[in-house]
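Written out below as structure tokens is the structure these notes cover.
Note that these values count all heavy atoms, side chains included, but never hydrogens, waters or copies made by symmetry. Here is how names work: the chains are called A, B, and so on, in the same order as the sequence lines, proteins then strands, and each is numbered from 1.
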There are 2 protein chains.
Amino acid sequence: MQLHRADVVDGAVAILDQYGLADLTMRRLAGSLQVQPGALYWHFPNKQALLGAVADNILSPMDEPIESTEWSGEITELAHRLRDCLLAYRDGAELVSATYASRLTTSKGRERLVSAAIRAGMPRHEADLAAYTLLYYVLGQTVDEQSRMQMDSVGALTDDASPLHEDPGTPDATARFDFGLQLFVGGVRHLLGTRAR
Amino acid sequence: MQLHRADVVDGAVAILDQYGLADLTMRRLAGSLQVQPGALYWHFPNKQALLGAVADNILSPMDEPIESTEWSGEITELAHRLRDCLLAYRDGAELVSATYASRLTTSKGRERLVSAAIRAGMPRHEADLAAYTLLYYVLGQTVDEQSRMQMDSVGALTDDASPLHEDPGTPDATARFDFGLQLFVGGVRHLLGTRAR
DNA sequence: ACCTGAACACCGTTCAAGT
DNA sequence: ACCTGAACACCGTTCAAGT
């Protein structure tokens, strides 16, 4: 059976989700694909490129259409969708954060954020900066959230008296996320508002 | 001559600044200190702990007093100082970003941000979240800025027609940073403003 | 075109043993 | 208390050679 680029990426995603980013090595991936490590280098020039393809894979739902037509609703929806993508796989946020030196820069999601900010009334130059500001927040917040989730899930076994075992963190994590998001949207409104006067 | 904890950290900072994070390995550090790799493990339990100490070192100027007494001025000043700390060493932003699973959480700088937000009129719970929001922005933005600086400095040699060699990026990088900062402060004002009514 | 075999030049970490 | 010597169990990457 021939090994295709997509098989390599799928195998990588599977290892990432089951064992985490630290265990996603070229040798381990090769082993799971029943192939020699060197074989991977026919499909990808190096590990960095492979991780980039994995990141694109994780972020692919970002291209699907959005419901809201109002700028603030669109921004909120895009931010939540990005967070959902990052949380969908173990260490997803860390992987994307580590690999996206200009990966989100070229993404469709970023462009949609920019156009929403323009529709809000910002000049393109500022809309660009605002989009980056929001992306930094979403990435940072979600990396933190996900790493805490993992610390909790291992600590829960060691920890004495885990109270009622009712999946903590997740309920108010979204509320925490929304607060920062609201701060951002409020910042945009404030900037436009003080100018209108 | 005895090797002290501080010598190890200083040696690590020196390698970081001269050769970058990728070259900051335990073996290389041991070599520069004229010591066997295993010797480092008497002073630090593992590499992670060493990097943590390096991060604390880099962030130590955060504890110095602030000029401004107004909340928005204090926040602006703290954000700028954090950025300055991160930019002071090669790969400083990446190192701190990678190492601070709850490193900034316990920092004095974060507490000062929280107290400034409280002084602005926020309840402590929200002030906490707002501080995190700002920290995520500063870290993300500065990591990006610094990685671009490095890409430029190696690309400048390869690149044809480097125009006049006048250190580009740096002038408006601060302006870009200030835009996001202003967006944050505006967000705080907006949130407090809409409540006052 | 696609992969194997085998090597190169590294890693972080451990630990008996030395002083 | 502090460090050496030497090993263990890994890495990413390259590349002649095979099919």
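The listed nucleotides are D:dC3, C:dA7, C:dC3; the one nearest the side chain of A:Gln2 is C:dC3. Taking every side-chain heavy atom of B:Ala39 into account, D:dT4 is the closest of D:dT13, D:dT4, D:dA7. In this structure, the nucleotide among C:dC3, D:dT14, C:dT13 sitting nearest to the side chain of A:Leu3 is C:dC3. Listed nucleotides: D:dC11, C:dC2, C:dG12. Nearest to the side chain of A:Thr25: D:dC11. Closest to the side chain of B:Val35, from the set D:dT4, C:dG12, C:dA7, is D:dT4.
Atom OH of B:Tyr41 is separated from atom P of C:dC11 by 11 Å (rounded to the nearest Å). Atom NZ of A:Lys47 and atom P of D:dC11 are 9 Å apart (whole Å). Regarding B:Asp7, its CG atom lies at a distance of 12 Å from the P atom of D:dC2, rounded to whole Å. Atom CG in A:Asp23 sits roughly 12 Å away from atom C1' in D:dC11 (whole-Å rounding). To the nearest angstrom, P of C:dT14 lies 15 Å from CZ of B:Phe44. Atom C1' of nucleotide C:dT13 and atom CD of B:Gln48 are separated by 14 Å, given to the nearest angstrom. Here the C1' atom of nucleotide D:dT19 and the CH2 atom of A:Trp42 are 15 Å apart, to the nearest Å. Between the P atom of C:dA1 and the NE2 atom of A:His4 lies a distance of 14 Å, rounded to the nearest Å.
What you find for B:Glu74 and B:Ile66 is that their closest heavy atoms are CG-CG2, 4.0 Å. Smallest separation of non-hydrogen atoms from A:Glu145 and A:Ala173: OE2-CB, 3.4 Å. Pairing each heavy atom of A:Asn46 with each of A:Met26, the nearest pair is C-CE, 4.5 Å.
Using cut-offs of 30° and 60° on the angle between ring planes, the pair A:Tyr137 and A:Phe177 is parallel.
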Discussion item. Taking Watson-Crick (N1-N3 plus N6-O4 or O6-N4) and G-U wobble (N1-O2, O6-N3), each under 3.5 Å, can you produce the dot-bracket string of DNA chain C? Use [ ] for crossing pairs and | for inter-strand ones.
Written reply: ||.|||||...|||||.||
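Looking at heavy atoms from C-beta onward, A:Trp71 lies in side-chain contact with A:Val185 at the 4.5 angstrom threshold.
Across D:dC10 and C:dA9, the matching C1' atoms stand 13 Å from one another, rounded to whole Å.
A salt bridge does not link B:Arg176 with B:Asp172: none of the charged nitrogens is closer than 4.0 Å to a carboxylate oxygen.
Within the 4.0 Å cut-off from OP1 or OP2 of C:dA6, not a single side-chain nitrogen or oxygen of A:Gln36 is found. Taking 4.0 angstrom as the limit, B:His43 places a side-chain polar atom (N or O) nearer than this to OP1 or OP2 of D:dC3.
With sequence neighbours excluded, no residue satisfies ring pair (Phe, Tyr, Trp, His ring centres under 6.0 Å) with B:Phe184.
Residue order along DNA chain D, read from the 5' end via each residue's closest nucleotide, puts A:Arg28 first among A:Pro45 and A:Arg28.
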